[in-house]
Undergrad: 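This is the structure I have questions about; it appears just below.
Protein chains get the first letters and strands the later ones, always in sequence-line order, with residue 1 at the start of each. The basis for the numbers below is simple: all heavy atoms, side chains too, and nothing from hydrogens, waters or symmetry mates.
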Amino acid sequence: MSRFEPVEDQYEPHDLEDEVFEYWDAVDAYEQTKQHRADGETYFFVDGPPYTSGSAHMGTTWNKTLKDCYIRYLRMQGYDVTDRPGYDMHGLPIETKVEEKLGFENKKDIEEFGEQNFIDECKQFAEEQLDGLQEDFKSFGVWMDWDDPYKTVRPEYMEAAWWGFEKVHERGLVEQGKRSINQCPRCETAIANNEVEYHQVGKPSIYVKFPLAERDGSLVIWTTTPWTIVANTFVAVDGDLDYVGVDATKDGETERLYVAKACVEDVLKTGRYEDYEVVEELGGEEMVGWTYDHPLAEQVPDHAQAEGSGQVYTADYVEADRTGLVHSAPGHGEEDFERGQELDLEIFCPVGNDGVYTDAAGEYAGEFVRDANDEIIGDLDAGGHLLSSEQGHSVREGQCWRCDTDIVRLVTDQWFITVTDIKDELLDNIEDSEWFPQSARDNRFRDFVADSPDWNVSRQRYWGIPIPIWTPDDEWSGEMADAIVVGTREELAERVDQDIDPETVDLHKGTVDDLTITEDGTTYTRVGDVFDVWLDSSVATWGTLDFPEHDERFDELWPADLIIEAHDQTRGWFWSQLGMGTAALGEVPYDQVLMHGWALDSDGRKMSKSIGNIVEPGEAIERHGRDPMRLFLLSQTPQEDDMKFSWEEMAEMQRRLNILWNVFRFPLPYMRMDEFDPADVDLEDAETELVDEWVLSRLQSVEETMTEHFADFEQDKALDELLSFVVEDVSRFYVQVVRERMWDEGDSASKEAAYATLYRVLEETVALIAPFAPFVAEEIYGNLTGEAGHDTVHMCDWPEPDEFWHDPDLEGEVEVARAVEEAGSNARQQAERSLRWPITRVVVAADDDETAAAVESQRALLTERLNARDLELIEPGESWGELSYAAEADMSLLGPEFGDDAGRVMNAMNEASVDEPTVETLEAAVEDTLGEAVDLTEEMVEFVTQTPDDVTGVAFDVDGDELGVVYIDAGLTEDIESEGYAREVIRRVQEMRKDLDLDLEERIRVDLDIDDDRVADLVRDHEALIADEVRADEFGPVEDGHRKEWEVEGVEMEIAVEAVAAAEASD
RNA sequence: GGGCCAAUAGCUCAGUCAGGUUGAGCGCUCGGCUGAUAACCGGGAGGUCUCCGGUUCAAAUCCGGAUUGGCCCA
């Protein structure tokens, strides 16, 4: 690529990005960049694996873009960064999608299809989804190792999970146990709590009388799940609550009912009793130990009847609601189960994994539980146990997140990692990681870890990593000491009875379920379950490194230096990694966490299919391009706050990039014409002017600040700093000032210094923007550096501030000067004197020495920018004649001094106008207004000047600190009018040159016909200036030229222009 | 139901920790500039700081409560 080639007039993201993609391919940009840092210090970044279903949405895009930005930045800082992407490919979501595709309804269909066939289908589906995602990520310009992602379905990764699990087992933290779980009866597997979704459903609401065994009367309970009464084991009361026995009468018959005292009226009304009498009052504690007969004893002969069943116990989940007595089935509900365990009661669960009653349910065997509700209600009624029954009671019901089937609570055998045994260690290990923001770690995360129960890692499914536990075929004791846990493929090959090759063996269920182990005469078979997918990703830090298959890199790199995910991962990946890392290795597997938010729609609502407010990244790219989309995403804070999507802001980013593009293309024609070569100029020795030195100093400051922001994981602020430098400092100021020097024909040291300065600024700016907008950075870098630079901007070092150029004092001075200029422009406008017309003088009243010094040192710049003949500086303490003064109050001092009157005093001060800026004169003015004397001090007051009519004055400030006032003297003189009119003519001739589409170098002849003799004379005085500016060879009659009538400040003039060459040709 | 986070101009956000007459960019509008020109410069309008209470001479800011939205947990 040769240098300073002409470029598009307009920043065109799409064409540019397509070209850059091709260019990257052509020069192997990604590989070269990695190679370039191969000897650098290692940095172990770990990608949180997205789940391979669906395509990349805005949240995923934000996440990957953040990762890409930090990886690119770290590479520029010299690190050899691990950038292996990962994909989470196992699990129920994929199984259900494949089931749908194959038209399956339940597990039996899968069994018929064949486990291995089903697993193959899942694998193929997951791979297809992965390809789609990967294409999306590449198209965002994310540079990761796409040729070699880690996949949770590969044997070496599955082995990493086995290895970790075996370590956990060695620490004695694995156990089989019964737990009350959410079961999806269709998927026939446990569902994690957070995988349960809720919706409102109508359910039965029944009051049931449990007949007491050793005394008259019944306990009254209420439930919305009649089918769980089959498994009733005890009734719970609140030990501290008051209960009553009432004799209730209906249809002439009286019966004794026991309910909470507070519930009597409601229960009896519900049961349509006509009358009642309280005959007993007793505390809940007194009822403990009462026995009752199971209301469905006849239909369920094998109902819970072991020692302790069928009795009343206390439980803390009881409230004085409904009846104050709670039917409890430890075989179903979670609280019931836990209380049952405490009481050492039997766990009776007559329901299979498919939600169908087993033989233990007697007459109901073979029926789906919820379908049996009506029959059970009928049986209760027939047995005289039903006090009341209603349908359609609205409650929140959990359903399976994948297939929407209503869940049932069951107690089943599950495998656990008993993280509650190492809770203190987990909490300690939290301290070893640094979070951004840290408050998320100390509040949200810590609370979650403190409350976390044991981790149920088993799922009764197919598409997952098989749990590597083998138990004896004959009766297993339940002790882990009597089970075998396998940690690696090699160990598997050594121990199993069958002949397998550890290099090639697939570890999925279809293969390993057939493998048996025989040791000491006992044969062991693998337990059927697979791991919860959260266990898969929990081992990502070593899975990324293909450990334990290879251990060198693990020894060198582990634990991870950085992970970046959204806040939902506090209970997800941040937690699962902490749990697994601590249980297996005693350490948290990551050092730093950057926790970002979610991508919401423009109203701050979640993007969802049902609302129809999803913005696809593809659409954003189509509308604005990749770099603008990335800039928008990266301009959002990456720490905890959710992002509100905004098309406007994305469009704004495109505009900002267009400004960068304009800044870049502006000097190209001049540099090209002059054959500028940056290598020939040593900027430090070049004849730089103050403004060059200023912009170079600003560049150093920007670099310093950006680096600090990156260190704090605030890339949004770094980007903001850079863009405002490009827009405010370079485009709106430096380029404006430096233009005239570039127009210089012939060689000039000043022009060369300007070239070299702008070149340096651009070269480093594109390096600074490279992590954010990699495409446009590449394009500009390539054009600027040609063969002299790296093959890609992404190989550049991160620009470090150069002390030689860093001059904060100069920056401060120019900041003041720019404030003066801005105020001066404002004053000019108020005086209705356009910039083309010179003014005789500008007067700057500086409030302090520093400001005065700044104005003095930037005198040349200011007079030029304000087009003033002279600049007069009023030193601090001095005042300019003909000014009066107004006062502004400092409320922080007025408040404490005057209390309730502070507001009135302030108003009086604001209204005052005095001849001299002293407290005494002000006090007098305030007294006039208020009618009472007040004591003011210097500190309470700030005086501002008021200008006479013939002069316009505007105060100037830097960041809100007022520093002084600029006065524009707009009085006219002949000399000024002469130049003013001349410049009006110049501007119009220039426009006409443009109308004619003349070449920059083209010489012209100009004919001026001005209606006003005085003005015509004034203009003639500046004929030389006009000729020079518009490249006119002569003034005189123009025959066939471009002719136009103008009105300038009320004066009619006719101007004609023709090219000299054209005129000669026609002669 | 509980925990954490957010709410400030039409839009995106700063200001909240250390209370003192609310700021920026964009958009809108009026004007200027015109060899970067779909660029650039200046002016202006636009806010009950979500609401209700409290503390204080003074609250966007501190405290309590509510509403709405987000994540997580039950």
Undergrad: Between atom CH2 in A:W575 and atom P in B:G3, what is the gap in whole Å?
TA: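 Taking atom P of B:G3 as the reference, CH2 of A:W575 is at 21 Å.
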Undergrad: Looking only at N and O atoms, is any donor in the side chain of A:S731 or the base of B:A39 less than 3.5 Å from an acceptor on the other one?
TA: no
Undergrad: Taking the side chain of A:R1031 as heavy atoms from C-beta outward, which of B:C5, B:G35, B:C71 is closest to it?
TA: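 Among the listed nucleotides, the one closest to the side chain of A:R1031 is B:G35.
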Undergrad: Take A:D603 and A:E991, find for each the nucleotide of RNA chain B with the closest heavy atom, and name the residue whose nucleotide sits nearer the 5' end.
TA: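 Per heavy-atom nearest nucleotide, the more 5' residue is A:E991.
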Undergrad: Counting only Watson-Crick pairs (N1-N3 plus N6-O4 or O6-N4) and G-U wobbles (N1-O2, O6-N3), all under 3.5 Å, who is the partner of B:A59?
TA: none
Undergrad: Decide if the gap between the ring center of A:F676 and the ring center of A:Y670 is smaller than 6.0 angstrom.
TA: no
Undergrad: Which nucleotide wins on minimum distance to the side chain of A:W598, given the candidates B:G35, B:C11, B:G70?
TA: B:G70
Undergrad: Figure out the CZ/P separation between A:F632 and B:C13, and round it to whole Å.
TA: 7 Å
Undergrad: Can you check the A:D447 CG to B:C72 C1' distance for me, whole Å?
TA: 11 Å
Undergrad: Just call it for A:R605: base, sugar-phosphate, or nothing, with non-hydrogen atoms closer than 4.0 Å on any strand.
TA: sugar-phosphate
Undergrad: Heavy atoms from C-beta onward define the side chain here; which of B:U12, B:C4, B:A36 lies closest to that of A:N443?
TA: B:C4
Undergrad: Measuring only the C1' atom in each nucleotide, how far is B:A58 from B:G54? A whole number of Å is fine.
TA: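 Here B:A58 and B:G54 have their C1' atoms 15 Å from each other.
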Undergrad: Heavy atoms only, 4.0 Å cut-off, all strands: where does A:R656 land among base, sugar-phosphate and nothing?
TA: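 Sugar-phosphate: the residue A:R656, judged by heavy atoms under 4.0 Å, touches backbone atoms but no base.
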Undergrad: Of all the choices, B:C11, B:C33, B:C40, which nucleotide is nearest to the side chain of A:E648 once you look at every atom?
TA: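 That would be B:C11.
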Undergrad: Test: side-chain hydrogen bond (donor to acceptor under 3.5 Å, both in side chains). Region: residues 439-448 of chain A. Which pairs qualify, not counting sequence neighbours?
TA: A:E431-A:R441, A:E431-A:R446
Undergrad: In whole angstrom, what separates A:M643's CE from B:C13's P?
TA: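 Going from A:M643 (CE) to B:C13 (P), I get 9 Å.
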Undergrad: Watson-Crick or G-U wobble partner for B:G10, using a 3.5 Å limit on both distances?
TA: B:C26
Undergrad: Grab the CZ-C1' distance between A:F448 and B:C71 for me, whole Å please.
TA: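 These atoms are roughly 12 Å apart.
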Undergrad: In whole angstrom, give me the gap between the P atoms of B:A6 and B:G15.
TA: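 Result for the P pair: 11 Å, nearest Å.
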Undergrad: What's A:V727 touching, base or sugar-phosphate or nothing? Going by heavy atoms closer than 4.0 Å.
TA: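 Nothing, no nucleic acid heavy atom in range.
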Undergrad: Mind checking the C1' distance from B:U21 to B:A59? Whole angstroms is fine.
TA: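 Looking at atom C1' only, B:U21 and B:A59 are 13 Å apart.
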Undergrad: Verify the contact: side-chain N or O of A:R987 to OP1 or OP2 of B:U34, cut-off strictly under 4.0 Å; return yes or no.
TA: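 Answer is yes, contact under 4.0 Å.
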Undergrad: Using the P atom as the reference point in each nucleotide, state the distance between B:A14 and B:A74 in Å, no decimals.
TA: 32 Å
Undergrad: Paired with B:C71 by Watson-Crick or G-U wobble geometry, both distances under 3.5 Å: which nucleotide is it?
TA: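 The answer is B:G3, by the H-bond criterion.
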Undergrad: Under 4.0 Å from OP1 or OP2 of B:A36: is there any side-chain N or O of A:R739 that close?
TA: yes
Undergrad: Give a yes/no answer on whether the side chain of A:K644 brings an N or O atom under 4.0 Å of OP1 or OP2 in B:U12.
TA: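 Checking B:U12 against A:K644, a side-chain N or O does come within under 4.0 Å of OP1 or OP2.
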Undergrad: Sticking with atom P, work out how far B:A45 lies from B:G35, rounded to a whole angstrom.
TA: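 Rounded to whole Å, the distance is 32 Å.
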Undergrad: Which comes earlier along RNA chain B counting from the 5' end, the contact point of A:G604 or that of A:E652, where each point is its nearest nucleotide?
TA: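 Its nearest nucleotide lies further toward 5', so the answer is A:E652.
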Undergrad: Tell me whether the side-chain N or O atoms of A:E822 pair up with the base of B:G42 as donor and acceptor below 3.5 Å, since no angle test is needed here.
TA: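 Per atom types, no contact qualifies.
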Undergrad: Could you work out the separation of B:C49 and B:A38 based on their C1' atoms and round it to a whole Å?
TA: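 These two C1' atoms come out 36 Å apart once rounded.
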Undergrad: Taking only the side-chain nitrogens and oxygens of A:R836, find out if one of them lies under 4.0 Å from OP1 or OP2 of B:C33.
TA: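 For A:R836, the contact criterion (side-chain N or O under 4.0 Å from OP1 or OP2 of B:C33) is met.
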Undergrad: For B:A66, which nucleotide in any strand shown is its Watson-Crick or wobble partner with both distances under 3.5 Å?
TA: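 Pairing partner: B:U50.
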Undergrad: Between P on B:G42 and CZ on A:F733, what's the gap in Å once rounded to a whole number?
TA: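 A:F733 atom CZ is separated from B:G42 atom P by 11 Å.
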Undergrad: Counting Watson-Crick and G-U wobble pairs only, both distances under 3.5 Å, name the nucleotide matched with B:U21, or none.
TA: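 Pair assignment: B:U21 / none.
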Undergrad: Name the nucleic acid region contacted by A:E12, choosing base, sugar-phosphate or nothing; use a 4.0 angstrom heavy-atom cut-off, strictly under.
TA: nothing
Undergrad: Determine the interatomic distance between P on B:U50 and the same-named atom on B:A7; round to the nearest Å.
TA: 8 Å
Undergrad: Using Watson-Crick or G-U wobble geometry with both distances below 3.5 Å, tell me the partner of B:C33, or none.
TA: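 Per the H-bond distance test, none.
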Undergrad: Phosphate oxygens OP1/OP2 of B:U12: is one of them under 4.0 Å from a side-chain N or O of A:Q636?
TA: no
Undergrad: For the residue pair A:F574 and A:F445, does the interplanar ring angle fall in the parallel (under 30°), tilted (30 to 60°) or perpendicular (over 60°) class?
TA: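 Geometry flag for A:F445 against A:F574: perpendicular rings.
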Undergrad: If the condition is side-chain hydrogen bond (donor to acceptor under 3.5 Å, both in side chains), which residues does A:R339 pass it with, not counting sequence neighbours?
TA: A:T314, A:E342
Undergrad: Does NZ or CZ of A:R630 lie under 6.0 Å from the centre of the six-membered ring of A:F772, at an angle within 45° of the ring axis?
TA: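 Negative - A:R630 is either too far from the ring of A:F772 or too far off its axis.
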Undergrad: Within 45° of the axis and under 6.0 Å from the centre of the six-membered ring of A:W647, does NZ or CZ of A:R623 qualify?
TA: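 Yes.
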Undergrad: With rounding to whole Å, what would you report as the distance between B:U48 and B:G10 at their P atoms?
TA: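 Per the computed distance, 8 Å lies between those P atoms.
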Undergrad: Would you call the rings of A:Y11 and A:W661 parallel, tilted or perpendicular if under 30° counts as parallel and over 60° as perpendicular?
TA: tilted
Undergrad: Base, sugar-phosphate or nothing for A:R655? Non-hydrogen atoms, less than 4.0 Å.
TA: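 Result for A:R655 = sugar-phosphate.
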Undergrad: Tell me yes or no: between the side chains of A:S433 and A:W435, is some donor less than 3.5 Å from an acceptor?
TA: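 There is such a pair (donor and acceptor under 3.5 Å, judged by atom type) between the side chains of A:S433 and A:W435.
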Undergrad: For the base of B:C71, is there a side-chain donor-acceptor partner from A:R571 under 3.5 Å away?
TA: no
Undergrad: Base, sugar-phosphate, or nothing for A:S646, non-hydrogen atoms under 4.0 angstrom?
TA: sugar-phosphate
Undergrad: According to the interplanar angle, ranging from 0 to 90°, do the rings of A:F436 and A:F713 count as parallel (below 30°), tilted (30 to 60°) or perpendicular (above 60°)?
TA: tilted
Undergrad: Output the rounded distance in Å from CD1 (A:I659) to P (B:G25).
TA: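 Result: 12 Å.
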Undergrad: Rounding to a whole Å, what distance do you find between A:L758:CG and B:A36:C1'?
TA: 11 Å
Undergrad: At under 4.0 Å between heavy atoms, what does A:E649 touch on the DNA or RNA strands: base, sugar-phosphate, or nothing?
TA: base
